[in-house]
Number of protein chains: 2
Amino acid sequence: MTEPKTPDAAATTGPAKKHSRSGKSNATIYDIAKVAGVNPSTVSRALSKPGRVSAKTQKLIEDAAAELNYQVNPFARALPTGRTNTFGLIVADITNPTFFDIIRGAETTATLRDYTMVLAESAESGVTELTAARRMMATVDGLILASPRMDDDDIRTIARDKPVVVINREVDGVPCVVPDVNKGISEAVRSLAGNGHHKVAFVAGPPQSWMSARRWEGVQAACEWSRLEAVRLESTKPTVDGGRQVARDVRASGATAVLTYNDLLAIGLMQELQAAGMVIPDQISIVGFDDIFGADFTTPPLTTVRSPLGECGSGAATLLLDLLHGDLPRGTGETAATLRVETELVLRGSSGRLLPAG
Amino acid sequence: MTEPKTPDAAATTGPAKKHSRSGKSNATIYDIAKVAGVNPSTVSRALSKPGRVSAKTQKLIEDAAAELNYQVNPFARALPTGRTNTFGLIVADITNPTFFDIIRGAETTATLRDYTMVLAESAESGVTELTAARRMMATVDGLILASPRMDDDDIRTIARDKPVVVINREVDGVPCVVPDVNKGISEAVRSLAGNGHHKVAFVAGPPQSWMSARRWEGVQAACEWSRLEAVRLESTKPTVDGGRQVARDVRASGATAVLTYNDLLAIGLMQELQAAGMVIPDQISIVGFDDIFGADFTTPPLTTVRSPLGECGSGAATLLLDLLHGDLPRGTGETAATLRVETELVLRGSSGRLLPAG
DNA sequence: AGGTATTTGTCAACCGGTTGCCATTAATTG
DNA sequence: CAATTAATGGCAACCGGTTGACAAATACCT
């Protein structure tokens, strides 16, 4: 006979062409409209404009939607509105653990607020970064740049088109999330001074790094305050390898304590110095920045100025999402909102009292 | 006569109300069509169906597109076609370094092939994972699941809707990328046997972890081959902390060598054992899995069975993208393609000769 | 040349929501 | 109770590409 009462169970043709269409979640507002006996536009309103339709109709529609297992088609929505419920995160280096917590913080906030995060990396290059940003522009509502390498003007250009939040850097007119290095650094330098050190070296990071400059300034200021001598050394790249390479300069500098631009450098430096027979912290103290994953794996564990990276990530995402929803901080005039987070010294074994040379 | 020769220069109405939209990259195929003097559909074909229009028209259109700085609107394209040029990557834990290289590998491949990658995390929960996957379904062309925690059936259900590639697990009927543990494990066990060990403990990972099961099997087999005794211990969670907690059981087991489900466990275990005064590797040898970032920071540096994680990430992305483009591996019948990658022992300081108890 | 086979471009109908404008209908008020 | 006003739902025109069907133009053939 002709199909008793299971009109849909009639998948007669068999699994014709695998997952071509089967998966497309199919119910549309038109289907809902039919079931609920209203006009599609009413469905649209019920689902996105709270209070625009009567409570009765609302319920009718919601029930129908639930029954049909309806899900909005993000593309159909994005087309006329331009809103995509997506933001982009660009980091300088995906494998640099500094960014892990930032990524996680941002992702968590995204999911929480029903946004999707797309990730891209700039490979520490300003050009690649700009390309990635441009590529994203078309598909996202806003952008988070973590430790951007492009110049201020490029950032501002992008910010003119889409909301942008910057992490680890301050750019005029763009909302930023920056760890305030002063507290952490002054704690670190005071600790070193208390341990009998007189000459401190700072190993700088990439020249384009805004944060590297801030840290160097902070170290200089703190040293002046504590009446220590501060010298600056350059690194080739902000990695473990770069840390190894700078060991030579560190020894030549005569400093008994070293602060490095980041933990990676500190770890590499420590490895190289130890390989050369130096005892840490008896002969030289080492302090890193960030407190990345693995900073406490070393022997001795690394003393470091911690930045709350996860907080930076979630803070940036929150800032961006608030911006997108128009909860923009009023009263700030033309100056963009800047979120400052605290840094603190994490005292571990790689820094300590200087032993008299034997 | 009427309109000498500049029909377009007649923009009489002036710039009425622009900058509301200033940011949105604006040129559409209709604009191009106007400039090139053809029909919009011809523009569409010229831009996406190679060879469908004459070389002359093609050039005309391309020039116009370039001049107008045209970029396709991904949403407008996605609406009728369903293709989004985006894939999703779901990892169990964003802050677990195991995934860093996977993420990077996948992201690099994505960018290379002009795809966008969106990232989500399951927080080691099968339910969260399924939710994340469902959420993504609507917006991606395919999905990569790295170390999935949901069960096979859920995975297959998803795979029925959209192409899925799984990393670190084998699921019938779904393409997978799995490190083949045997080579690495047998190297490790042979090394331990050669160093005088007789009893080996394996610290297992999460019960839902397919890979944990494989590794335990591998250890058992290799131990049998080398005539070593193998015991299995359970961990509470696959983290540094979990490693610390299992130290007690390890000591009680009487094993002189330990292989742990992953490096994190190994590191935590090592820390705890050392804190209790044990000397590694003199009194006990420790071998991890994966060779994550930081595995060589420890003292002694960690011996580990390396999985080529980056390769897994890029391999999975390549597989997925090939699938999406219909370059599906023919001849495999109904069984899905599985990509196996090699593992190898990375011999460092945490394993070695067992010294006679003093 | 006439006639068929091929390109190549046009038309128009989608894809699935959103939203301004208008017509009902219900609520409020003098 | 009639009149004014507010709440609600419907119509239709978008958003910007894609694609099947078809006609026009060009090529190829005997």
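Proteins get letters first, then strands, A, B, ... in listed order; numbering begins at 1 in each.
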- Message: Between E129(B) and S122(B) (side chain of the first, backbone of the second, donor and acceptor by atom type, cut-off under 3.5 Å), is there such a pair?
- Response: no
- Between dG16(C), dT19(C), dT8(D), which nucleotide has the shortest distance from any of its atoms to the side chain of R52(A)? dT8(D)
- Residue of the set D141(B), T116(B), T139(B) for which side chain to side chain donor-acceptor pair (under 3.5 Å) holds with T84(B): D141(B)
- Query: Taking only N and O in the side chain of K49(B), is any of them less than 4.0 Å away from OP1 or OP2 of dT19(D)?
  - Reply: yes
- Task: Would you mind reading off the distance between K56(A) atom NZ and dG9(D) atom C1', rounded to a whole angstrom?
- Result: 11 Å
- Task: Output yes when at least one side-chain N/O atom of R77(A) is less than 4.0 Å from OP1 or OP2 of dT18(C), else no.
- Result: yes
- Under 4.0 Å between any heavy atoms, over every strand shown, what does T28(A) touch: base, sugar-phosphate, or nothing? Just pick one. sugar-phosphate
- Item | Cationic N near anionic O, under 4.0 Å, R169(B) to D152(B) | yes
- Item | Gap between atoms CG and C1', on N73(B) and dG16(D) respectively (whole Å) | 6 Å
- Measure the distance from CG on L79(A) to C1' on dT18(D) and round it to the nearest whole Å. 12 Å
- Looking for any heavy atom pair under 4.0 Å, which part of the strands does T42(B) touch: base, sugar-phosphate only, or nothing? base
- Is there a donor on the side chain of R45(B) or the base of dG17(D) sitting less than 3.5 Å from an acceptor on the other? no
- Is there a donor N/O on one and an acceptor N/O on the other, under 3.5 Å, for the side chain of R83(B) and the base of dG17(D)? no
- Query: Rounding to a whole Å, what distance do you find between I29(A):CD1 and dC15(C):C1'?
  - Reply: 12 Å
- Query: Passes salt bridge (Lys or Arg N to Asp or Glu O under 4.0 Å), D172(A) versus R156(A)? Steps please.
  - Reply: CA-CA 8 Å; D172(A) 246 28; R156(A) 270 189 291 263; 5.3 Å; no
- To the nearest Å, how far apart are F75(B) CZ and dC14(C) P? 25 Å
- Task: Could you please name the option among dT10(C), dG9(D), dT18(C) that lies closest to any side-chain atom of T57(A)?
- Result: dG9(D)
- Message: I need the OH-C1' distance between Y70(A) and dG16(C), as an integer number of Å.
- Response: 8 Å
- Hey, does Y30(A) reach any base, or is it just sugar-phosphate, or nothing, if we go heavy atoms under 4.0 Å? base
- Only residue of L324(A), N85(A), T318(A) satisfying side chain to side chain contact (heavy atoms under 4.5 Å, CB included) with R113(A) is T318(A)
- Closest to side chain of T81(B), choosing from dC15(D), dC11(D), dT19(D): dT19(D)
- Message: Please report the distance, rounded to the nearest Å, between CD1 in I61(A) and P in dT18(C).
- Response: 12 Å
- Message: Using whole Å, what does the distance between atom P of nucleotide dT8(D) and atom NZ of K59(A) come to?
- Response: 17 Å
- Message: Nearest to the V38(A) side chain among dG10(D), dG16(D), dT19(C), which nucleotide is it?
- Response: dG10(D)
- Message: Tell me whether the side-chain N/O atoms of S44(A) come closer than 4.0 Å to OP1 or OP2 in dG17(C).
- Response: no
- Message: Mind checking if S41(A) touches a base, just sugar-phosphate, or nothing, with heavy atoms under 4.0 Å?
- Response: base
- Would you call D93(B)-R104(A) a salt bridge at under 4.0 Å N-O? yes
